[in-house]
Amino acid sequence: MKAGASVDLAPPRGMRDFYPHQAGLREILFNTWSHAARCHGFERYDACIVENLSLLKRKAGEEIVDQIYAFRDKSQRELALRPEITPSLARMVCAGWNDLTFPLKWFSIGQCFRYERMSRGRKREHYQWNLDVIGAPGPAPEVELLTTALSATEELGLGPAIRVHISNRELLSDLLAYAGIPAEHHAALFLVLDKRGKLSDDAITDMLVDSGFTTEAAAKVFELFELDSLDAVRRLLGRTTAALEHSAAVFEGLTTYGWENRICFDLSVVRGLNYYTGTVFEAFDVDRRFRAVFGGGRYDHLLEHIGGRPAPAVGLGFGDVVVTEIMNEIGCAPSVPAAADTVVGYMEADQSAIALRVAHQFRRLEERVDLAMGPEKARAFFGRANHTGARYAIYIGPDDVKTGHIRRKDLEQRTETTISLRDLTGDAS
RNA sequence: GUGGGUGUAGCUCAGUUGGUUAGAGCGACAGGUUGUGGUCCUGUAGGCCGCGGGUUCGAGUCCCGUCAUCCACCCCA
């Protein structure tokens with residue numbers, strides 16, 4: 001940088017630029033998401049990125065509310081960059097209720113923002129694939145959502161590296177009730193239990209005791225986490241419950257789809273958002289070296305909370321940051337295609353018009369063609385053509401114009417094909 | 001938020017107890033017979049040594065501050 005006020009060339013903290021290669025990777029990821037969603041019968045929707053702050057504010061206790069990028073516009077309206085899209089979706093569904101036929105299966109890919117401390121896998125902005133089924137009770141929505149997301153991870157080459165940990169908040173409530181803990185304490189307990197594995201069990205016991213639980217009750221809570229299967233839960237309870245049957249049906253459906261090696265029962269999954277009601281799930285790399293790849297759950301009361309009619313709903317969010325990190329880490333990142341199939345260049349300015357017409361013809365044949373911006377020496381042209389990664393190169397000199405034939409070179413196989421200019425452009429000149 | 005590491009060319013990094021004019025590899029660009037590419041050879045460009053202060057005759061090097069970044073905690077998506 002020369003004279004003048006120096007500008008910080010880095011993007012703002014937590015924000016990302018995408019150079020062509022990175023943008024290309026992102027495009028492949030987005031296409032994979034879209035493809036998986038459409039294959040499973042989801043319709044695309046989109047919502048505004050700037051949202052009313054009041055819609056996003058919920059009860060305190062959720063970190064997400066403290067991390068909203070909020071601001072006032074010039075009329076003092078309180079607005080925010082959306083931290084997630086689910087509230088906007090709920091708003092759209094409530095507003096459009098009479099025009100919609102249920103159940104809805106909708107997806108979107110949108111940028112979301114959160115002001116927070118950064119670490120690996122966490123930026124202040126990311127793109128998130130959202131899948132939601134609204135208006136369907138029962139286990140089927142969970143099964144469809146998860147099979148859609150799993151097929152996307154499979155498509156990305158991540159299949160065996162990912163496992164979905166599935167739990168159910170209602171089932172956890174059943175177990176806490178069995179342990180003698182009154183229902184009014186369950187919501188607070190979820191937050192504490194979510195820390196298991198991050199804090200020592202002793203520390204969690206202290207937290208529970210501080211909250212008014214007896215040491216015996218805390219010990220009983222820990223016993224619950226020894227449960228590693230739905231059968232173990234059933235044996236402990238000595239009976240079945242609605243939540244237990246629901247979860248069993250989710251596992252059965254996913255097994256029918258053939259995902260039995262990609263899923264596991266894990267009571268420690270609770271999720272940070274407090275609008276989740278029943279099923280909750282998070283997908284992790286099997287070595288647990290990264291943050292969750294995707295997560296979600298059932299939120300049966302969100303719509304009525306924002307003033308709509310009650311409707312059962314299940315949602316899933318799948319961000320671009322962690323999945324990209326894992327793909328880069330295990331080396332299965334898809335290769336970004338070259339910008340062009342064919343590079344067209346020419347030796348002298350006299351051949352520029354011919355080169356332009358040749359490029360035009362190939363483009364009309366649906367080829368992606370990069371035309372030189374000026375004359376180049378042969379060496380420079382082929383060096384550049386090779387560098388672009390294009391498969392074919394057409395280099396036009398005065399002799400080609402004279403003979404009326406151009407040569408199309410296959411850069412990979414080092415072979416040449418001769419093409420008549422007349423055949424190509426219908427014009428011998 | 002706590003602790004630690006790292007900031008030198010576009011990238012990866014050297015740089016001696018403080019001592020002339022700041023180094024390499026890769027990449028970029030230009031040449032190596034004015035019509036043929038990845039190798040090879042030569043050359044060129046590219047640096048406020050993160051920023052600010054201090055110590056010193058002298059600081060990339062030592063001290064303080066600050067910012068950025070990474071890691072581990074904390075927390076969570």
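Just so we're on the same page: letters track the sequence lines, and every chain starts at 1.
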*Given Watson-Crick or G-U pairs with both distances under 3.5 Å, what dot-bracket string fits RNA chain B, with | for other-strand pairs and [ ] for crossing?*
(((((((..((((.....[...)))).(((((.......))))).....(((((..]....))))))))))))....
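Aromatic ring orientation, A:F18 versus A:Y127: perpendicular (interplanar angle above 60°, classes split at 30° and 60°).
The side-chain hydrogen bond (donor to acceptor under 3.5 Å, both in side chains) with A:Y299 is formed by just one residue from the set A:D132, A:T277, A:T279; it is A:D132.
Using C1' as the reference atom, B:U44 and B:G38 are 22 Å apart when rounded to the nearest Å. Across the P atoms, B:A28 and B:C11 are found 15 Å apart, a figure rounded to whole Å. Of the P atoms belonging to B:G54 and B:A77, the separation is 48 Å, rounded to the nearest Å. Nucleotides B:G50 and B:G37 place their P atoms 42 Å apart, quoted to the nearest Å. Rounded to a whole angstrom, the distance from the C1' atom of B:A24 to that of B:G46 is 15 Å. Using P as the reference atom, B:A14 and B:U21 are 24 Å apart when rounded to the nearest Å. Comparing B:U16 with B:C75, their P atoms are spaced 42 Å from each other, to the whole Å. Comparing the same atom, P, in B:U56 and in B:C63 gives a spacing of 16 Å after rounding to whole Å.
Computed from coordinates, the A:F290 CZ to B:C76 C1' distance equals 18 Å when rounded to whole Å. Computed from coordinates, the A:H387 NE2 to B:G38 C1' distance equals 11 Å when rounded to whole Å. For the pair A:Y127 OH and B:A77 C1', the interatomic distance rounds to 17 Å; values are reported in whole Å. Between A:R384 atom CZ and B:C29 atom P there is a gap of 10 Å when expressed in whole angstrom units. Per the geometry, CD1 belonging to A:I68 stands 16 Å off P belonging to B:C76, to the nearest Å. Counting to the nearest Å, the C1' atom of B:A77 and the CD1 atom of A:I85 are 15 Å from each other. In this structure, A:Y299 places its OH atom 16 Å from C1' of B:A77, rounding to the nearest Å. When the C1' atom of B:C76 is taken as reference, atom CZ of A:R288 falls 13 Å away, rounded to whole Å.
Among residues at least two apart or in separate chains, ring pair (Phe, Tyr, Trp, His ring centres under 6.0 Å) pairs with a member in residues 148-177 of chain A are A:H165-A:F284.
Within 4.0 Å (heavy atoms only), A:H126 reaches at least one base atom of the nucleic acid.
Not counting sequence neighbours, the partners of A:R16 by the salt bridge (Lys or Arg N to Asp or Glu O under 4.0 Å) test are A:E125, A:D320. Residues meeting the ring pair (Phe, Tyr, Trp, His ring centres under 6.0 Å) test with A:F281, sequence neighbours left out: none. For the side chain to side chain contact (heavy atoms under 4.5 Å, CB included) test, residues two or more places apart in sequence or in another chain that qualify with A:D399 are A:K402. Scanning for side chain to side chain contact (heavy atoms under 4.5 Å, CB included) contacts around A:N261 gives an empty result, with sequence neighbours left out.
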I'd like a table of donor-acceptor pairs (distance under 3.5 Å, sequence neighbours excluded) in which one partner is a side-chain atom from residues 152-160 of chain A, with atom names and distances.
from	atom 1	to	atom 2	distance (Å)
A:T153	OG1	A:L150	O	2.7
A:E154	OE1	A:R262	NE	3.4
A:E154	OE2	A:R262	NH2	3.1

Atom pairs and distances, side-chain donor-acceptor, residues 34-43 of chain A, under 3.5 Å, sequence neighbours left out:
from	atom 1	to	atom 2	distance (Å)
A:S34	OG	A:F30	O	3.0
A:S34	OG	A:R44	NH1	3.4
A:H40	ND1	A:A36	O	2.7

Shorter than 3.5 Å, N or O on both sides, protein versus nucleotides 33-37 of chain B: list them out with atom names.
from	atom 1	to	atom 2	distance (Å)
B:G35	O6	A:P398	N	3.4
B:G35	O6	A:D399	N	2.7
B:G35	O6	A:D399	OD2	3.4
B:G35	N1	A:D400	OD2	3.0
B:G35	N1	A:R407	NH2	3.4
B:G35	N2	A:D400	OD2	3.2
B:G35	N2	A:R407	NH2	2.3
B:U36	O2	A:K409	NZ	3.0
B:U36	O4	A:R407	NH1	3.2
B:U36	O4	A:R407	NH2	3.1
B:G37	N1	A:L411	O	2.6
B:G37	N2	A:N386	OD1	2.6
B:G37	N2	A:L411	O	3.0
B:G37	N3	A:N386	OD1	3.4

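Nearest-nucleotide mapping onto RNA chain B: of A:G14 and A:R291, the residue sitting toward the 5' end is A:G14.
The existence of a salt bridge linking A:D370 and A:R363 is excluded, since no basic side-chain nitrogen approaches an acidic carboxylate oxygen closer than 4.0 Å.
Judged by atom type and distance alone, A:E116 reaches the base of B:A77 through a side-chain donor-acceptor pair under 3.5 Å.
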